[in-house]
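So you know, we letter chains A, B, ... as the sequences are listed, proteins then strands, and number each from 1.
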There are 2 protein chains.
Amino acid sequence: MKKRRITLKDLANELNLAPSTISRAIANHPAISEATKKIVNQKAKELGFIPNSIASSFRKKKTTSLGIIVPRIDIHFHSLVISGIEEFAYKASYNVTIFQSKDSLDRELEIVRILQTKMVDGIIACLSLETDNYEHFKKLEVPVVFYDRVPENYEASKVVINDFESAIKATEHLISIGCKRIAHIAGNPATSIFKARLEGYKAALTKNNLPIKHNLIEYTKELSYEEGVKCAKRFLKLQGKPDGIFCANDYTAVSALQVFKKANYEIPKDVAVIGFSNYPISKIIEPKITTVNDRAFEMGQAAANLLIRQIEEKNEIISSETIVLETQLIIRKSTKKNIHTNTP
Amino acid sequence: MKKRRITLKDLANELNLAPSTISRAIANHPAISEATKKIVNQKAKELGFIPNSIASSFRKKKTTSLGIIVPRIDIHFHSLVISGIEEFAYKASYNVTIFQSKDSLDRELEIVRILQTKMVDGIIACLSLETDNYEHFKKLEVPVVFYDRVPENYEASKVVINDFESAIKATEHLISIGCKRIAHIAGNPATSIFKARLEGYKAALTKNNLPIKHNLIEYTKELSYEEGVKCAKRFLKLQGKPDGIFCANDYTAVSALQVFKKANYEIPKDVAVIGFSNYPISKIIEPKITTVNDRAFEMGQAAANLLIRQIEEKNEIISSETIVLETQLIIRKSTKKNIHTNTP
DNA sequence: CTGAAAGCGCTTACAG
DNA sequence: CTGAAAGCGCTTACAG
C-alpha cells in the first residue's frame, strides 16, 4: 500500500494557511511575503511535498511538453536532432516526448491523433517518406515546426539546411581540384532535400560549363551502403569513368570509395569522393572523406528554440518562420589531390 | 482566439445524456448499450470531440507515459535502445519522454526530481558515469528498470547482456583460429560492463592455458577511436606483438585494424581483430570486423516490456527481475584466417 | 443500462 | 499580503 502523496491542502492545514497562499508561495509569487514563503518552503521540504504537475498542467492547460515525430530514432541524423531538441528544451524546462513514424503515413496520422489528446504545447516533426499532404497537421491547435523533410507549398515553420547551395559548393570543390567528369549518387528525388542536392550538382556543372551526363547520375531509393555499392560499380563499367563523385550522403560515399579502391583506383588521385552529412564514419574510413556538415544538432536546437518561442508568444499572431542553417564543407583526404601526406 | 474544445459535458448536453454515460460510452464500457455507444460516438465524431487525456490522467492518476534517462541520445547504442523502448511502448499505448543525463550525476538527480513531479508511470534508466549511489532512485514511487549501466549491490530490475561470457566467447574465438598472443583494448574498469569484458578476456586465457600479459592489455577512458589508435600503436611497439586483439567496442577495433594495416600487417593473417557491439561501421570497414551483437534494440524492448508488466501488475508485489540477453558472435573477415575470398 | 454527485490537486480572478 | 470560492474535464463508486 503506497502512502498518499502530500498535497498543497495538507501543507495548508499544517500551517493554518489557505491552499491558495501555499500555491503562490511555492510558485514564488511576488505578492507573498518573504516570511511566509520561507515557512512554506521549509514545511514543504520537511513533509516531502512534491507538486503534482499533472494537476497543474490540467489546470493551466499547459504541459511544458513537446511532441517529436521522427522517422526513426536510430538513424544518426535524427538522434543528433533529437539530442539538440532535448538539450534546448531541457534548459527551457520543457520535456520531450518522442514518436517514430517508421516512415509510415498511417503511423504518422495516428501519432498526430495521439498528440492532440495528449495536449503537448507544440510539435516538432520530420515528415514520413509517405506523407504527401498535410491535412492532419492543419488540424492541430498547437504550433508545429518541421525540420529536414518539410512540407512544400504549405505555410509552416521550418528548419532546414541549404541543400541546393551546399551541393553547388561540394560540386564546385571537385571542379576546383581539377575534376572534369563528376558523377552523382542521388537520393530519391521525390524527397525535396535529395532533389535539391541533385539540382545543385547540375547547377554547378552548368555554371562551370561542364556537360550534364545522364550516365554519371545514379539514383538510389534510400541512399544505403548497399545501393551505393551498386551505383559505384555501374560507374566503374563506364567508358568514361568519373574522376570525381559527389554522393548525396556519407554511406554511399563510403561505397564509392571502397568500390573504386578495390578496383585499384587511387583516392583521390584517380577519383575524388565527397559525401554529405559528416557521419562519424566519414572521418574514420581511409582515406577520410570530404563531406558537408549537415548541422543536425543545431537543427534540433533551432527547431526547439523556434517552437518554444511560438508557444510563449504573447500575441496570438503565430507567424510561420523558416530557418535556413548554413552548412560547411569539411575538406578531408578524399579530395586532397595535391597533398600526399598521411595526416590530413 | 482559439475556440474552446468540445468536452464530455458538451456532448452530454447535446444528446441529453449524463456526462458519466458519455464517458463510459467513449471508453466502451460493457454496461452501456450498443445503441447509446453508437449515437455517442457518432456525435463525438460530428462535433470533433477529442478527449482531454491530461484530465483523464489527472483523474486516474495514470499517465501511460514512461520516463527514459539515457547518457546521450546520439550514441548509437542508446538510440537503438530508445528505438526498442519506443517500439514496444507504442504498441502498448505508452509514450516515451526522454532525458539526457550527459553522464552528469547532478543532471541525473535533477531529472529524477522532474520525473517525480511529472508522474510518469515508470522509468527506464542507464546510469550516468558519475553515479555511485542510488538513493535518488530509491525515493521513486514508480517502478524503475535499469539497462546497460545498472546499479550494483542494489535490488532493482535490470536488463543486461552477459558481458563476461561474451568476452570469453570472443577471446576463445581468437584462440580457436590459432591466436597465441591475444591483446585487449579495455574500457574504464570502473564501469561494470567493461570490467566484465576484461575479466572474461582473462578468464578465457587462463582456461586455455595462455598467460595473462599486462603489456597486452591497454586501458582507455571512453573507448574512443582516438584512444584506440594510441593503444594499438603501443601494441605495435612491443617486441612480442599480438596476433589477435579483442577490443571492448567497435570503434577501438577499427583503430586497431587501421593502425596495423598502415604498418603493413595483414588482417586477419598477421593480426585478427574482434570488436564489440556490432556498430554499423563494423560491417562497412575493410576487412569487415568480427564483433559481438550487443542486442541494443532488444534490450530496449525487454526493458519496456518488463517495466510495463510491473506497472500493470495487479498485486503490489513488485519483484525485481534481471533479464540477461544472450549475445551472438558475428564472425566476419577480420578473424577468418583460413578463408581468403573477398566475399565474407 | 443510466444518472447524480463527488472529487482528483492544483490555480486564479476577485475580494478584502 | 492572504483567503474563499470556483472550476479545469474527466472518472467512478453508489444508487436506482
Side-chain angles (χ1 to χ4, degrees), chain A residues 2-41 43-44 47-65 93 114 116-121 141, chain B residues 2-41 43-44 47-65 93 114 116-121 141:
Chain A
K2 282 181 194 164
K3 57 173 182 281
R4 206 172 55 79
R5 267 166 83 145
I6 303 290
T7 68
L8 279 188
K9 220 174 148 190
D10 297 328
L11 274 180
N13 289 337
E14 198 75 22
L15 291 169
N16 281 316
L17 286 167
S20 44
T21 304
I22 308 288
S23 172
R24 291 189 189 101
I26 301 272
N28 201 18
H29 189 106
I32 303 294
S33 74
E34 285 308 319
T36 305
K37 280 180 191 169
K38 201 166 170 184
I39 60 163
V40 169
N41 282 314
K43 200 70 179 177
L47 299 187
F49 170 69
I50 297 161
N52 179 336
S53 63
I54 297 296
S56 168
S57 292
F58 170 51
R59 178 55 233 257
K60 293 202 279 188
K61 294 178 186 302
K62 172 130 177 52
T63 54
T64 58
S65 157
S93 300
I114 294 169
Q116 278 182 291
T117 78
K118 285 285 166 185
M119 304 195 64
V120 290
D121 291 341
E141 289 159 351
Chain B
K2 284 181 196 166
K3 58 173 182 280
R4 206 173 53 79
R5 266 166 84 146
I6 304 289
T7 68
L8 280 188
K9 220 174 149 189
D10 296 328
L11 275 179
N13 290 337
E14 199 74 21
L15 292 168
N16 281 318
L17 285 168
S20 42
T21 304
I22 308 288
S23 171
R24 291 189 189 102
I26 301 271
N28 202 19
H29 187 108
I32 303 294
S33 76
E34 285 307 320
T36 306
K37 280 180 191 169
K38 202 166 170 184
I39 59 162
V40 169
N41 283 312
K43 200 72 179 178
L47 299 186
F49 169 69
I50 297 162
N52 178 336
S53 62
I54 297 296
S56 169
S57 293
F58 170 51
R59 178 53 233 256
K60 293 202 278 188
K61 294 178 184 302
K62 173 129 175 54
T63 54
T64 59
S65 157
S93 301
I114 294 168
Q116 279 182 291
T117 77
K118 283 285 166 186
M119 303 194 66
V120 290
D121 291 342
E141 289 159 353

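- Applying the salt bridge (Lys or Arg N to Asp or Glu O under 4.0 Å) criterion to K62(A), with sequence neighbours excluded, gives D121(A).
- Relative to the side chain of A18(B), the nucleotides dT11(D), dC1(C), dG3(C) differ in distance, and dG3(C) lies closest.
- Within the 4.0 Å cut-off from OP1 or OP2 of dC8(D), not a single side-chain nitrogen or oxygen of K9(B) is found.
- Nearest to the side chain of K61(A), among dC8(D), dG3(C), dT2(D), sits dC8(D).
- Remark: K60(B) pairs with no residue by the salt bridge (Lys or Arg N to Asp or Glu O under 4.0 Å) rule, at least two apart or across chains.
- Atom-to-atom, CG of L8(B) to C1' of dT11(D) comes out at 9 Å; the value is rounded to the nearest Å.
- DNA chain D forms stems at C:1-3 with D:14-16, C:5-12 with D:5-12, C:14-16 with D:1-3, each a run of 3 or more consecutive Watson-Crick or G-U wobble pairs whose two key distances fall under 3.5 Å.
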Short N/O separations, protein against nucleotides 12-16 of chain D, under 3.5 angstrom:
| unit_1 | atom_1 | unit_2 | atom_2 | d |
| --- | --- | --- | --- | --- |
| dT12(D) | O4' | R59(B) | NH2 | 3.4 |
| dA13(D) | N6 | R24(B) | NH2 | 2.3 |

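- Both A55(B) and T36(B) sit near DNA chain C, but only T36(B) has its closest nucleotide nearer the 5' end.
- Residues satisfying the side-chain contact (heavy atoms from CB on, under 4.5 Å) criterion with I50(B), sequence neighbours excluded, are Q116(A), T117(A), R5(B).
- As a whole-Å value, the separation of N16(A) CG from dT2(D) P is 14 Å.
- Among the atoms of the strands shown, only primed sugar atoms or phosphate atoms (P, OP1, OP2) are found under 4.0 Å from some heavy atom of L17(A).
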List, one per line, each side-chain donor-acceptor pair under 3.5 Å for residues 16-31 of chain B, sequence neighbours excluded.
| unit_1 | atom_1 | unit_2 | atom_2 | d |
| --- | --- | --- | --- | --- |
| N28(B) | OD1 | K37(B) | NZ | 2.9 |

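- Taking for each of N52(A) and A31(B) the nucleotide of DNA chain C with the nearest heavy atom, the 5'-most of the two is the partner of A31(B).
- One can place CG of D10(A) at 10 Å from P of dC8(C), the figure rounded to the nearest angstrom.
- Considering all non-hydrogen atoms of both residues, F49(A) and I6(A) come closest at CD1-O, 3.4 Å.
- The backbone N or O of D10(A) sits less than 3.5 Å from a side-chain atom of T7(A), completing a donor-acceptor pair.
- For F58(A) and dC10(C), the ring-to-base geometry does not satisfy the stacking test (centroid distance below 5.5 Å, interplanar angle below 30°).
- Applying the 4.0 Å criterion to OP1 and OP2 of dC1(C), one finds that K37(B) has every side-chain N and O outside that range.
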